[in-house]
Amino acid sequence: MSKALVIHRNRLIESKSSCRAAQYVRMSTDHQQYSIENQAAVIATYAELHNLTIVHTYRDEGESGLKIDNRQGLIQLIDDIRSDQADFGYLLIFDVSRWGRFQDVDESAHYEFICRKAGVKVAYCAEQFDNDGSLLSSILKNIKRVMAAEFSRELSGRVHAASMRIASKGFRMGGREPFGLVRQVVDDKCRPKGTLQAGEHKFLATDRVTLVPGPKDKVEVVRWVFNEYLQGKTQEAIARELNRRGVLTNKGGSWCQSSIGKLLRSENYIGNLIYNRQSEKLGAKRTNNPTHLWVRSDGAIKAIVDRDVFKRVNKALEQRFVRISEEEMLVRLRKLLMKKGKLSAPIIDAAPGLPSLATYLRHFGPIRNLYRMIGYVSNQSYWDKLDTHKRMMEVQLDNATLLQETFKKSGRRATVDLPSSCLQVDDAVNICFRIATCRKYVRIPPKWKLVRRVRWPSGWVVALRLDENNEAALDYVLMPSTSLLFRGQRFWFSEQSRASSKIEQFDSFEKLSKILIGRVNQRLPPTKTKRAGAIVCKAVS
């Protein structure tokens, strides 16, 4: 069906004055250079003819329509409507497929329902039917949603088939190049045109990408890694040596056991390209493909590692693997317990002929459950402390959620990052929530400890302080994270040192939150609310 704009004058919105509207625009890839501009032009024409004033724009550029996860524009739109922050009565969208090409066709219908339930009317500016809730519009919208999903499925199949064909000819298909190799662009006659840096793409569709040996120093590092492993060094030791020498991975990070293992197993270093080892189609979970579906192209790259060396290394890697049943895993763990008298992560990881603790956890779940299955009763006080910490951390996350809602009601953007337990306000101020545990001494007053696994972001730290037995909440403390930036992984403070460390004490989270909200609002500019085309500054208490 054509996307040409057809104005139905007999269906114009009856209004004596201008009505406020928002628009949502989306394009799937950065290559669709004018897509958003074209959508906005059609929407602007529709708004003018229907006496609507566009007061807000939500946009997603270069984001796939298969999922909502990375589409901040649509997420913000739905959040504003759900939280009654929307100051408009109409939402203008180019067509039905702009919601997304979801494989569950009911998902886009769900988002439209959220808008309609909140009193926001949705208009599709380039569709040749009126979204008036009639039987005809409902049927046509559902057909359009099915067509959008089917378009993605067909396109995915065509792209995958083309990628398989190109990979079979020895060309590189996406992904970051391995360490020591670089991506080289060649024309349709395989003549070199230059190399690509990280994040760069080829310009012409007819060009192809191959892998070639990179800088000499990196090639020598690759050969050194293979030789060191053959001489008996472990992957961890090789990684430590590379980090000590200041050698960075191709992603610019530090080396670890898994990155060394990936390097040692890559056939790229002996000249082979392998494609389609894994699949992640239509936003589904990444899966490993069986070997008969792999696309191999031997000799497509100039080898930088001798084939005999590569075979010997991979044979040694295979011999290090422990392939046993789950029942045998538990039997061997019981034998280790009888030999050592106790179990811990270092003991399990260091035991020969035994899978790592991470492998055990993948098979049997939490370590407490694993110990229960082999009849091992470890130090109960440790588990009690762990339960208390989890319970208090849930309290802190509830506090972060309450603070988030308070900021949202005042017009701020506030998001909670669960992995780091941090609240970010207006993408500028961070508030981290932590637990401060107590340690008692014989001759000196008790001290409280904060543990960090990553660098403290700029802002504040809100810590729930436990009592001297670490069994219940004592109070809350507030401190600027800048005072902790250059400390170690553990930060200790006592009642006597609170003042020098700029740590404030509060009996309840309510008292702390009032002070904290005021300080955040002092640091950030006032919120702005649009009313009838004017900008009005709104004071935040």
Within a 6.0 Å radius of atom [atom1] on [X], are there more than 12 heavy atoms belonging to other residues, nucleotides or ligands?
X: K408; atom1: NZ; value: yes
X: K233; atom1: NZ; value: yes
X: Q496; atom1: CD; value: yes
X: R265; atom1: CZ; value: yes

Heavy-atom closest contact ([X] atom, [Y] atom, distance):
X: R71; Y: F102; answer: NH1-CZ, 3.5 Å
X: I81; Y: I114; answer: CG2-O, 3.9 Å
X: A198; Y: R176; answer: CB-NH1, 3.8 Å
X: I348; Y: S356; answer: CG2-C, 4.3 Å
X: S421; Y: M393; answer: OG-CE, 3.6 Å
X: F364; Y: E326; answer: CZ-O, 3.6 Å

Determine whether the side chains of [X] and [Y] contain a donor N or O and an acceptor N or O closer than 3.5 Å.
X: D507; Y: Q505; answer: yes
X: N369; Y: R372; answer: yes
X: T401; Y: E405; answer: no
X: N227; Y: Q231; answer: no

Below 4.5 Å, heavy atoms only, C-beta onward: do [X] and [Y] meet side chain to side chain?
X: L317; Y: Q235; answer: yes
X: L242; Y: I238; answer: yes
X: K447; Y: F493; answer: no
X: V182; Y: P215; answer: yes
X: Y360; Y: P355; answer: yes
X: H201; Y: L196; answer: no
X: R223; Y: E220; answer: yes
X: L423; Y: V462; answer: no

*Start with the C-alpha gap between Q23 and L91, add the side-chain angles, then the distance that decides, and say whether side chain to side chain contact (heavy atoms under 4.5 Å, CB included) holds.*
CA-CA 6 Å; Q23 62 177 342; L91 177 63; 5.9 Å; no

*Tell me, with the steps shown, if Y24 and T57 meet side chain to side chain contact (heavy atoms under 4.5 Å, CB included).*
CA-CA 6 Å; Y24 174 68; T57 297; over 6 Å; no

Short question: side chain of [X], backbone of [Y] - any donor-acceptor pair under 3.5 Å?
X: R465; Y: L474; result: no
X: D467; Y: E471; result: yes
X: R412; Y: D426; result: no
X: N250; Y: E177; result: yes
X: S266; Y: L263; result: no
X: D349; Y: L357; result: yes
X: N430; Y: C422; result: no
X: R183; Y: T195; result: no
X: Q404; Y: A414; result: yes
X: R498; Y: I503; result: yes

Distance-only donor-acceptor hits, side chain of residues 252-259, under 3.5 Å, sequence neighbours excluded:
| residue | atom | partner | partner atom | Å |
| --- | --- | --- | --- | --- |
| W255 | NE1 | V247 | O | 3.1 |
| S259 | OG | C256 | N | 2.8 |
| S259 | OG | C256 | O | 2.8 |

Looking at [atom1] of [X] and [atom2] of [Y], how far apart are the two atoms once the value is rounded to the nearest 0.5 Å?
X: E504; Y: L478; atom1: CD; atom2: CG; answer: 5.5 Å
X: I367; Y: L343; atom1: CD1; atom2: CG; answer: 8.0 Å
X: K511; Y: F506; atom1: NZ; atom2: CZ; answer: 10.0 Å
X: D79; Y: Y58; atom1: CG; atom2: OH; answer: 9.5 Å
X: D106; Y: F113; atom1: CG; atom2: CZ; answer: 12.5 Å
X: L354; Y: K335; atom1: CG; atom2: NZ; answer: 11.0 Å

*Residues two or more places apart in sequence or in another chain: which of them pass side-chain hydrogen bond (donor to acceptor under 3.5 Å, both in side chains) with D417?*
S420

_Taking side-chain hydrogen bond (donor to acceptor under 3.5 Å, both in side chains) as the definition, give me every residue that meets it alongside D427, ordered by chain and number, with sequence neighbours left out._
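Expected list: R413.
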
*Out of I435, T437, L466, which residue meets the side-chain contact (heavy atoms from CB on, under 4.5 Å) rule with K449?*
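Between K449 and the candidates, side-chain contact (heavy atoms from CB on, under 4.5 Å) is satisfied uniquely by T437.
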
*Taking the six-membered ring for Trp, is the centroid-to-centroid distance between F509 and Y476 below 6.0 Å?*
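Yes, close enough.
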
*Cation-pi geometry met for R434 and W448 (6.0 Å, 45°)*: no

Using a strict 4.0 Å threshold on nitrogen-to-oxygen distance, state whether [X] and [Y] make a salt bridge.
X: E112; Y: R116; value: yes
X: K67; Y: E107; value: no
X: E468; Y: K440; value: no
X: R59; Y: E61; value: yes
X: E394; Y: R391; value: no
X: E328; Y: R332; value: yes

_Step-by-step side chain to side chain contact (heavy atoms under 4.5 Å, CB included) determination, Y371 to L337_ = CA-CA 10 Å; Y371 287 171; L337 173 60; over 6 Å; no

*Could you walk me through whether L333 and L370 pass side chain to side chain contact (heavy atoms under 4.5 Å, CB included), step by step?*
CA-CA 10 Å; L333 192 60; L370 173 64; 3.8 Å; yes

